[in-house]
Participant: 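Could you have a look at this structure, given as structure tokens, before my questions?
Here the structure is a predicted model, which is why all the values come from computation and not from measurement. This chain uses plain numbering: 1 for the first residue, then up along the sequence.
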Amino acid sequence: MTRLQDIPGQILQSAQDSVPADSVSAIGEIGAEVTEIGQLIVRGEWALAWTRFSEGAVQSAIDFGPRVLAALFVGGIFYVVYRIIFRIVERILKASGQRGSAGFRDLVLNTIRFVGLALVALVALAQLGLDITAAVAGLGILGLALGFAAKDSLENFLAGVTIIMDRPFDVGDVIEVEGVYGTVTRFTLRSTRVKTVQNRILIMPNIGMINQALINHSAQRFVRVDVAFGIAYKEDIDHTREVVLAAVVRDDERLVDKIDPQVVVTELADSSVNMQLRLFVRDAANQLQVRWEYLERVRKALAAADIEIPFPHLQLFIDEAKAFEGTSLGRSGRES
């Protein structure tokens with residue numbers, strides 16, 4: 001029968017005679033050793049537990065020390081290489097000078113960071129004796145399963161890559177999507193954030209940004225603003241044009257000074273002659289404010305010039321209405 005005080009020597013001799021075949025079995029033996037030490041502590045055998053712990057720690061350091069040092073050395077080298085590549089890509093993206101590239105830069109750098117740190121970890125684990133081939137294969141199967149489980153997230157990620165390649169908009173652009181008008185404030189792997197004129201944040205999945213019509217008001221150097229209004233058929237079009245153009249502020253810095261404002265007829269409607277005041281704005285972010293302001297200016301200018309702005313109305317003609325004969329309605333009907 002083995003005496004309790006002989007156990008530490010037997011464990012040490014066993015550790016010296018047989019080195020674990022691989023890291024997995026060694027980790028299992030360490031786990032069993034920790035369990036037994038814990039049982040000794042529970043029974044109150046503190047001295048034996050300390051002896052066993054110290055001897056096991058020394059043997060583990062002898063067995064795993066070189067592997068740990070190799071893992072730290074090789075992992076450190078790969079980490080330095082990763083940081084160098086990361087800094088180079090970061091500087092290239094910052095120096096590109098592309099309009100609104102902050103959101104795209106974050107996307108690219110986050111992808112490099114994830115891939116680089118995963119590679120460093122796998123290389124370090126390989127130095128500890130772990131089979132990274134099986135780990136990579138397992139990660140591949142896990143990634144496939146997660147891909148099916150997170151189909152929407154994967155679609156949005158791929159849509160984000162498509163946006164990077166096609167670049168229909170940049171951060172800071174004024175866009176209109178799904179009837180919402182606003183400014184792009186941030187672009188991530190999954191979604192795009194748009195700040196509306198109501199100072200709200202619309203979070204749109206990236207798949208929605210490429211699967212529907214999107215208007216980029218900032219794609220050109222300037223944008224045209226149309227201020228619609230209507231006048232009665234009896235009013236003179238040329239006089240109306242002069243009145244409306246006189247309401248335009250000539251020194252308005254928001255307008256393009258090289259392009260003159262225009263007033264054109266757009267439609268001969270049922271009750272009015274529909275017209276437009278066309279202004280050309282430098283910054284798309286100002287187009288709504290310009291439209292609202294000049295709509296009021298046009299209304300006041302037409303009122304000051306006594307130019308009628310009609311409302312929809314109908315004329316009713318009654319023929320052979322004998323019930324109204326002899327009345328005012330019957331006489332008006334015959335006169336018409």
Side-chain angles (χ1 to χ4, degrees), residues 98-103 167-187 192-204 208-209 212-232 235-269 271-312:
Q98 296 177 348
R99 178 171 50 92
S101 60
R167 297 199 62 190
F169 59 85
D170 288 324
V171 173
D173 282 356
V174 178
I175 67 172
E176 188 173 349
V177 58
E178 280 194 351
V180 177
Y181 176 94
T183 304
V184 179
T185 59
R186 184 171 175 79
F187 176 79
T192 301
R193 287 165 173 78
V194 179
K195 183 179 180 181
T196 68
V197 292
Q198 295 87 6
N199 201 29
R200 300 169 181 167
I201 299 297
L202 170 69
I203 302 177
M204 175 70 71
M209 301 296 291
Q212 58 187 322
L214 183 148
I215 302 176
N216 189 341
H217 295 274
S218 300
Q220 301 297 328
R221 291 185 298 109
F222 53 83
V223 61
R224 194 183 79 187
V225 173
D226 298 332
V227 180
F229 63 95
I231 62 174
E235 303 295 347
D236 183 79
I237 293 177
D238 292 331
H239 176 59
T240 301
R241 181 178 289 111
E242 293 176 0
V243 170
V244 172
L245 288 177
V248 178
V249 179
R250 296 300 174 177
D251 58 350
D252 193 337
E253 296 181 353
R254 298 169 299 179
L255 304 181
V256 180
D257 52 1
K258 295 183 179 180
I259 304 179
D260 294 331
Q262 303 173 358
V263 176
V264 299
V265 176
T266 58
E267 182 184 11
L268 300 178
S271 304
S272 64
V273 178
N274 293 337
M275 306 180 71
Q276 280 184 358
L277 167 62
R278 295 179 174 178
L279 304 170
F280 295 87
V281 180
R282 300 177 185 274
D283 188 352
N286 295 326
Q287 61 179 329
L288 286 184
Q289 185 64 35
V290 169
R291 180 182 297 139
W292 297 334
E293 179 180 328
Y294 277 91
L295 185 61
E296 181 177 350
R297 287 179 176 273
V298 169
R299 171 67 180 89
K300 292 180 178 179
L302 294 178
D306 292 328
I307 298 176
E308 181 183 352
I309 301 177
F311 54 88

Participant: Is it true that a side-chain atom of Glu176 and a backbone atom of Gly182 form a donor plus acceptor pair closer than 3.5 Å?
Facilitator: no
Participant: Applying side chain to side chain contact (heavy atoms under 4.5 Å, CB included) to Phe222 and Arg282, what does each step give before you reach the verdict?
Facilitator: CA-CA 5 Å; Phe222 53 83; Arg282 300 177 185 274; 5.6 Å; no
Participant: Heavy-atom distance under 4.5 Å between the side chains of Ile175 and Val194, does that happen here?
Facilitator: yes
Participant: Is the shortest side-chain heavy-atom distance between Met204 and Val180 below 4.5 Å?
Facilitator: no
Participant: For Asp251, what residues pass the salt bridge (Lys or Arg N to Asp or Glu O under 4.0 Å) criterion, not counting sequence neighbours?
Facilitator: none
Participant: Tell me if a side-chain donor or acceptor on Tyr294 pairs with a main-chain N or O of Val249 at a distance below 3.5 Å.
Facilitator: yes
Participant: Which is it for Arg291 and Glu296 under the salt bridge (charged side-chain N to carboxylate O under 4.0 Å, His left out) test, yes or no, and what are the steps along the way?
Facilitator: CA-CA 9 Å; Arg291 180 182 297 139; Glu296 181 177 350; over 6 Å; no
Participant: Does CD in Glu253 sit with more than 12 non-hydrogen atoms of other residues, nucleotides or ligands closer than 6.0 Å?
Facilitator: no
Participant: Do Gln276 and Arg278 have side-chain N/O donor and acceptor atoms under 3.5 Å apart?
Facilitator: yes
Participant: Test Val243 against Ile307 for side chain to side chain contact (heavy atoms under 4.5 Å, CB included), laying out the working first.
Facilitator: CA-CA 9 Å; Val243 170; Ile307 298 176; 4.1 Å; yes
Participant: Which pair of heavy atoms, one from Gly230 and one from Pro310, lies closest together, and at what distance?
Facilitator: O-CD, 3.8 Å
Participant: Taking Gly208's backbone N and O only, do any of them form a donor-acceptor pair with Gln212's side chain (distance below 3.5 Å, no angle check)?
Facilitator: yes
Participant: Under the salt bridge (charged side-chain N to carboxylate O under 4.0 Å, His left out) criterion, do Arg221 and Asp283 qualify, and how do the steps go?
Facilitator: CA-CA 8 Å; Arg221 291 185 298 109; Asp283 188 352; over 6 Å; no
Participant: If you measure from CZ on Arg297 to CD on Glu293, what distance do you get to the nearest 0.5 Å?
Facilitator: 5.0 Å
Participant: Please tell me whether Tyr181 and Gln287 have a donor and an acceptor in their side chains that are separated by less than 3.5 angstrom.
Facilitator: yes
Participant: A side-chain contact here means heavy atoms from C-beta on lying under 4.5 Å apart; do Val256 and Val281 qualify?
Facilitator: no
Participant: Would you check if the side chain of Asn216 reaches a backbone N or O of Pro168 as a donor-acceptor pair within less than 3.5 Å?
Facilitator: yes
Participant: If only atom types and distance count, is the side chain of Arg193 paired as donor or acceptor with the main-chain N or O of Thr185 below 3.5 Å?
Facilitator: no
Participant: Please enumerate all residues that pass ring pair (Phe, Tyr, Trp, His ring centres under 6.0 Å) together with Phe229, with sequence neighbours excluded.
Facilitator: none
Participant: Please examine the side chains of Arg200 and Lys195, heavy atoms only from C-beta on, and report whether any two atoms are closer than 4.5 Å.
Facilitator: no
Participant: Say you draw a straight line from CD1 of Ile203 to CD1 of Ile201; how long is it, rounded to the nearest 0.5 Å?
Facilitator: 8.0 Å
Participant: Taking the side chain as every heavy atom from C-beta outward, state whether Ile237 and Arg241 have any pair of such atoms under 4.5 Å apart.
Facilitator: yes
Participant: Other residues, nucleotides and ligands only: do more than 12 of their heavy atoms fall within 6.0 Å of CD on Gln220?
Facilitator: no
Participant: If you look only at distance, which donor and acceptor atoms sit under 3.5 Å apart when one is on a side chain in residues 261-269 and the other is two or more places apart or in another chain?
Facilitator:
unit_1: Thr266; atom_1: OG1; unit_2: Asn274; atom_2: O; d: 3.2
unit_1: Glu267; atom_1: OE1; unit_2: Asn274; atom_2: ND2; d: 3.0

Participant: So if I apply the side-chain contact (heavy atoms from CB on, under 4.5 Å) rule between His217 and each of Thr183, Val174, Leu288, which one comes out positive?
Facilitator: Val174
Participant: Could you state the interatomic distance from CG (Leu214) to CG (Asp173), rounded to the nearest 0.5 Å?
Facilitator: 9.5 Å
Participant: Assess whether side chain to side chain contact (heavy atoms under 4.5 Å, CB included) is satisfied between Val225 and Arg254, documenting all intermediate values.
Facilitator: CA-CA 11 Å; Val225 173; Arg254 298 169 299 179; over 6 Å; no
Participant: Flag the pair Asp252 and Arg250 as a salt bridge only when some basic side-chain nitrogen lies within less than 4.0 angstrom of an acidic carboxylate oxygen.
Facilitator: no
Participant: With a 4.5 Å heavy-atom cut-off, do Thr240 and Asp238 have their side chains touching?
Facilitator: no
Participant: Side chains of Thr192 and Phe169: does their closest heavy-atom pair fall under 4.5 Å?
Facilitator: yes
Participant: Kindly indicate whether the side chain of Ile231, heavy atoms from C-beta on, has any atom under 4.5 Å from the side chain of His239.
Facilitator: no
Participant: Set out, in order, the CA-CA distance, both residues' side-chain angles and the distance that settles side chain to side chain contact (heavy atoms under 4.5 Å, CB included) for Val248 and Leu277, then state yes or no.
Facilitator: CA-CA 9 Å; Val248 178; Leu277 167 62; 4.0 Å; yes
